[in-house]
Chemist: 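I am attaching a structure below and will ask some questions about it afterwards.
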Amino acid sequence: MGRLIGPPLAFPAMIFRLTPRDQHEANRSSTSLELMFDLATAVAVAAAAHGLAQEVGSGHIAAGAVRFAGSFFMAWLAWANYTWFASAYDNKSTAFRVLTMIIMFGSLVLAAGIQITYSDQPIWLALAGFVIMRVGMIILWLGAANGDRTARSMALRYAVGIGTMQLYWVMVIVILPPQGSIYPLLFVLGVLGELAVPAFAERQTTTSWHHGHIVDRYNMFNIIVLGECFAAVAKIIADSGTPDLGHFWLAGLCSVIAFSMWGLYFDRKEQLLRRNLGSVLVWAYGHYVLFAAGAATAAGFAVFLALATKRVEVPAQIASFAIAIPIALYLGSLWLVRDRAIHHGATQWLLVVSAALILASAALAPHPAEVIAALLVLAVVCRQRLGPRNAKKTEGHD
């Protein structure tokens with residue numbers, strides 16, 4: 001065994017081996033442990049959305065958006081790293097489950113530290129959570145290198161890439177103050193480095209991820225961000241204390257918006273139609289924007305409520321854009337990851353046109369929330385009436 005795995009993998013070999021699962025396995029869906037993982041991630045998503053709402057309500061719009069994008073990226077990246085790995089190597093062993101729970105604990109630590117990212121203090125707690133999650137992933141990839149001889153080199157490149165980027169984040173956060181002028185540039189470089197890891201690792205061999213399982217996992221994450229919208233709706237209703245027509249009207253509009261976002265995303269099952277690396281990365285990374293936009297929409301609902309109750313003094317148009325911009329990004333990213341590949345003709349551009357009209361309504365309409373809700377409902381109806389009955393089946397082809 002020592003000759004097969006070599007000295008660097010001797011210790012992981014003594015613990016566990018992770019062999020690849022069948023990528024064509026029938027009836028593959030999310031496990032209960034993965035759903036628990038989603039709950040831990042939901043805490044981090046809620047913290048990021050709450051922080052964004054506070055920043056926009058305080059008038060710190062640009063800084064709040066940057067901090068939200070960064071904190072949400074950390075939560076999403078850790079979730080995505082684990083999700084794609086589990087799709088290929090989840091063997092339900094005790095070692096795998098224990099490591100999953102450790103990574104899940106790291107997600108909770110990250111969630112606890114996300115609020116600090118909205119201040120000018122070093123984000124030690126968020127960094128600690130991120131380190132826990134990434135170390136867990138490195139061990140998992142070493143286990144895959146030990147159990148999957150065909151993809152051994154790929155698994156080792158993943159372990160090296162994740163480890164290298166984690167060292168980079170530690171140096172950036174520990175050495176530099178977040179208010180430093182070079183900090184944003186270094187953060188962007190770190191993001192680009194993280195996004196390059198899969199391309200570096202899978203340039204020759206790809207993981208045996210399961211198509212139906214991955215689509216199911218991404219569906220679950222979208223439910224998480226839409227759940228934040230529902231939480232915001234409940235807060236709008238509860239804020240009145242007593243039945244109040246104005247609050248109920250706003251809650252109804254926000255509910256229509258959330259239901260429409262759900263309807264547009266889940267109206268067709270055709271997702272991730274190709275397995276070639278470029279298409280997969282566009283689909284996976286495009287969902288970061290989609291998920292972040294969904295969570296930011298919930299923050300926009302909170303800003304709208306704060307303006308209606310005169311708790312903030314931001315201009316009404318800012319509150320309108322706090323809803324319109326995230327929704328437009330949601331529609332635009334949904335077009336990128338799905339519609340541009342499965343639709344043709346005018347239907348292909350429905351979401352893009354809807355996004356443009358929503359942005360225009362925020363700038364020009366006297367009652368933008370009503371107009372945005374109406375446009376989304378119209379988009380859902382048009383998708384149902386004009387969408388193709390059967391999209392082309394190209395899954396598994398390059």
Chemist: Tell me every residue that passes ring pair (Phe, Tyr, Trp, His ring centres under 6.0 Å) with Phe68, counting only those two or more places apart in sequence or in another chain.
Modeler: Phe72

Chemist: Decide yes or no on side-chain contact (heavy atoms from CB on, under 4.5 Å) for Ile132 and Met104, but give the supporting numbers first.
Modeler: CA-CA 9 Å; Ile132 293 171; Met104 200 182 304; over 6 Å; no

Chemist: Which atoms form the tightest heavy-atom contact between Ser361 and Val371, and what is the distance?
Modeler: CB-CG1, 3.5 Å

Chemist: To the closest 0.5 Å, what do you measure between CD1 (Ile327) and OG1 (Thr297)?
Modeler: 5.0 Å

Chemist: Going through the distances and angles, do Leu359 and Ile325 end up as a side-chain contact (heavy atoms from CB on, under 4.5 Å)?
Modeler: CA-CA 7 Å; Leu359 289 175; Ile325 292 176; 3.9 Å; yes

Chemist: Pairs of donor and acceptor atoms involving the side chains of residues 279-288, under 3.5 Å and at least two apart or interchain, shall be tabulated with distances.
Modeler:
{"from": "Ser279", "atom 1": "OG", "to": "Asn276", "atom 2": "OD1", "distance (Å)": "2.9"}
{"from": "Ser279", "atom 1": "OG", "to": "Asn276", "atom 2": "ND2", "distance (Å)": "3.3"}
{"from": "Trp283", "atom 1": "NE1", "to": "Gln271", "atom 2": "OE1", "distance (Å)": "2.7"}
{"from": "Tyr285", "atom 1": "OH", "to": "Leu195", "atom 2": "O", "distance (Å)": "2.6"}
{"from": "His287", "atom 1": "ND1", "to": "Trp283", "atom 2": "O", "distance (Å)": "2.8"}
{"from": "His287", "atom 1": "NE2", "to": "Tyr265", "atom 2": "OH", "distance (Å)": "2.8"}
{"from": "Tyr288", "atom 1": "OH", "to": "Ala69", "atom 2": "O", "distance (Å)": "2.7"}

Chemist: Same cluster for Val131 and Ile139 if Ile/Leu/Val/Met/Phe/Trp/Tyr side chains link at under 4.5 Å?
Modeler: yes

Chemist: Taking the side chain as every heavy atom from C-beta outward, state whether Ile236 and Cys254 have any pair of such atoms under 4.5 Å apart.
Modeler: yes

Chemist: Any chance you could measure Phe96, atom CZ, to Leu140, atom CG, to the nearest 0.5 Å?
Modeler: 6.0 Å

Chemist: Show your working on side-chain contact (heavy atoms from CB on, under 4.5 Å) between Asp339 and Arg383 and close with a plain yes or no.
Modeler: CA-CA 11 Å; Asp339 279 22; Arg383 288 276 303 181; 2.6 Å; yes

Chemist: Pick out which of Trp79, Trp76, Phe37 makes a ring-ring contact (aromatic ring centres under 6.0 Å, His included) with Phe221.
Modeler: Trp79

Chemist: Check side-chain contact (heavy atoms from CB on, under 4.5 Å) between Asp22 and all other residues, then give those that pass, not counting sequence neighbours.
Modeler: His24, Glu25

Chemist: Taking the side chain from Thr83 and the backbone from Ala80, do they hold a donor-acceptor pair closer than 3.5 Å?
Modeler: no

Chemist: Sort and list the pairs that fulfil salt bridge (Lys or Arg N to Asp or Glu O under 4.0 Å) and have at least one residue in residues 39-58, not counting sequence neighbours.
Modeler: Glu55-Arg67

Chemist: Any idea which heavy atoms bring Ile114 and Ala126 closest together, and the distance?
Modeler: N-CB, 4.5 Å

Chemist: Working to the nearest 0.5 angstrom, can you tell me the gap between Leu110 CG and Leu77 CG?
Modeler: 10.0 Å

Chemist: Is it possible for you to say whether Phe230 and Trp249 belong to one hydrophobic cluster, with membership spreading through side-chain heavy-atom contacts below 4.5 Å?
Modeler: no

Chemist: Roughly how far, to the nearest 0.5 Å, is the CD1 atom of Ile237 from the CG atom of Leu250?
Modeler: 9.5 Å

Chemist: Under the salt bridge (Lys or Arg N to Asp or Glu O under 4.0 Å) test, which residues partner Glu194, sequence neighbours left out?
Modeler: Arg134

Chemist: Could you check whether any side-chain heavy atom of Phe304 comes within less than 4.5 Å of a side-chain heavy atom of Ser320, counting everything from C-beta outward?
Modeler: yes

Chemist: Roughly how far apart are Tyr158 OH and Met137 CE, rounded to 0.5 Å?
Modeler: 9.0 Å

Chemist: Over all heavy atoms of both residues, which pair between Met74 and Phe130 is shortest? Give the atoms and the distance, please.
Modeler: O-CE1, 3.6 Å

Chemist: State whether the side chain of Arg203 and the backbone N or O of Ala199 hold a donor-acceptor pair below 3.5 Å, judged by distance alone.
Modeler: no

Chemist: Would you name the heavy atoms of Cys382 and Leu350 that are closest together and state the gap between them?
Modeler: CB-CD2, 3.8 Å

Chemist: Do you know which two heavy atoms are closest between Val233 and Ala251, and how far apart they sit?
Modeler: CG1-O, 3.8 Å

Chemist: Between Thr206 and Glu202, is there a donor-acceptor pair closer than 3.5 Å when you use the side chain of the first and the backbone of the second?
Modeler: no

Chemist: Do Val225 and Met36 share a hydrophobic cluster (ILVMFWY, side-chain heavy atoms under 4.5 Å, transitive)?
Modeler: yes

Chemist: Can you pull out every salt bridge (Lys or Arg N to Asp or Glu O under 4.0 Å) where at least one residue sits in residues 356-382? Sequence neighbours excluded, please.
Modeler: none

Chemist: How is the hydrophobic cluster of Leu167 composed, in terms of its other members, when Ile, Leu, Val, Met, Phe, Trp and Tyr link through side-chain heavy atoms under 4.5 Å apart, directly or indirectly?
Modeler: none

Chemist: Minimum heavy-atom separation for Ala369 to Ile257, with atom names?
Modeler: O-CD1, 4.5 Å

Chemist: With heavy-atom distances below 4.5 Å as the criterion, would you say the side chains of Val45 and Phe291 are in contact?
Modeler: no

Chemist: Apart from Leu35 itself, what residues make up its hydrophobic cluster, given side-chain heavy atom links below 4.5 Å?
Modeler: Met220

Chemist: Does some side-chain heavy atom of Trp124 sit less than 4.5 Å from a side-chain heavy atom of Val174?
Modeler: yes

Chemist: Exactly one of Leu351, Asn222, Val289 should register a side chain to side chain contact (heavy atoms under 4.5 Å, CB included) with Tyr330. Which one does?
Modeler: Asn222

Chemist: Around atom CZ of Phe73, are there more than 12 heavy atoms from other residues, nucleotides or ligands closer than 6.0 Å?
Modeler: yes

Chemist: Examine Trp349 and Leu378 and state if one hydrophobic cluster contains both, with Ile, Leu, Val, Met, Phe, Trp and Tyr joined whenever side-chain heavy atoms are less than 4.5 Å apart.
Modeler: no

Chemist: Using links of under 4.5 Å between side-chain heavy atoms of ILVMFWY residues, direct or through other members, which residues join Phe200 in one cluster?
Modeler: none

Chemist: Any heavy-atom pair between the side chains of Leu226 and Phe259 that's under 4.5 Å?
Modeler: no

Chemist: Any donor and acceptor pair, going by atom type alone, linking the side chain of Ser107 with main-chain N or O of Ile103 inside 3.5 Å?
Modeler: no

Chemist: If you look only at pairs with a residue in residues 204-230, which of them pass as a salt bridge (Lys or Arg N to Asp or Glu O under 4.0 Å), with sequence neighbours excluded?
Modeler: Glu34-Arg217, Asp38-Arg217

Chemist: Would you say Gln23 and His211 make side-chain contact, with heavy atoms under 4.5 Å?
Modeler: no

Chemist: In the single-linkage hydrophobic clustering (I, L, V, M, F, W, Y; side-chain heavy atoms under 4.5 Å), do Val160 and Met165 co-cluster?
Modeler: no

Chemist: Please examine the side chains of Arg157 and Gln204, heavy atoms only from C-beta on, and report whether any two atoms are closer than 4.5 Å.
Modeler: yes

Chemist: Sorted by first residue and then second, give each salt bridge (Lys or Arg N to Asp or Glu O under 4.0 Å) pair with at least one member in residues 92-112; sequence neighbours left out.
Modeler: none

Chemist: State whether the side chain of His210 and the backbone N or O of His213 hold a donor-acceptor pair below 3.5 Å, judged by distance alone.
Modeler: yes

Chemist: Give me the other members of the hydrophobic cluster that Leu108 sits in, counting Ile, Leu, Val, Met, Phe, Trp and Tyr linked by side-chain heavy atoms under 4.5 Å, directly or via other members.
Modeler: Val43

Chemist: Got a second to check how far Asp90's CG is from Thr31's OG1, nearest 0.5 Å?
Modeler: 5.5 Å

Chemist: With a 4.5 Å cut-off on side-chain heavy atoms, are Leu253 and His367 touching?
Modeler: no

Chemist: I'd like to know whether the aromatic ring centres of Phe187 and Tyr168 sit less than 6.0 Å apart in this structure.
Modeler: no

Chemist: Could you go through the side-chain contact (heavy atoms from CB on, under 4.5 Å) check for Ile223 and Trp262 one step at a time?
Modeler: CA-CA 8 Å; Ile223 292 296; Trp262 168 84; 4.2 Å; yes

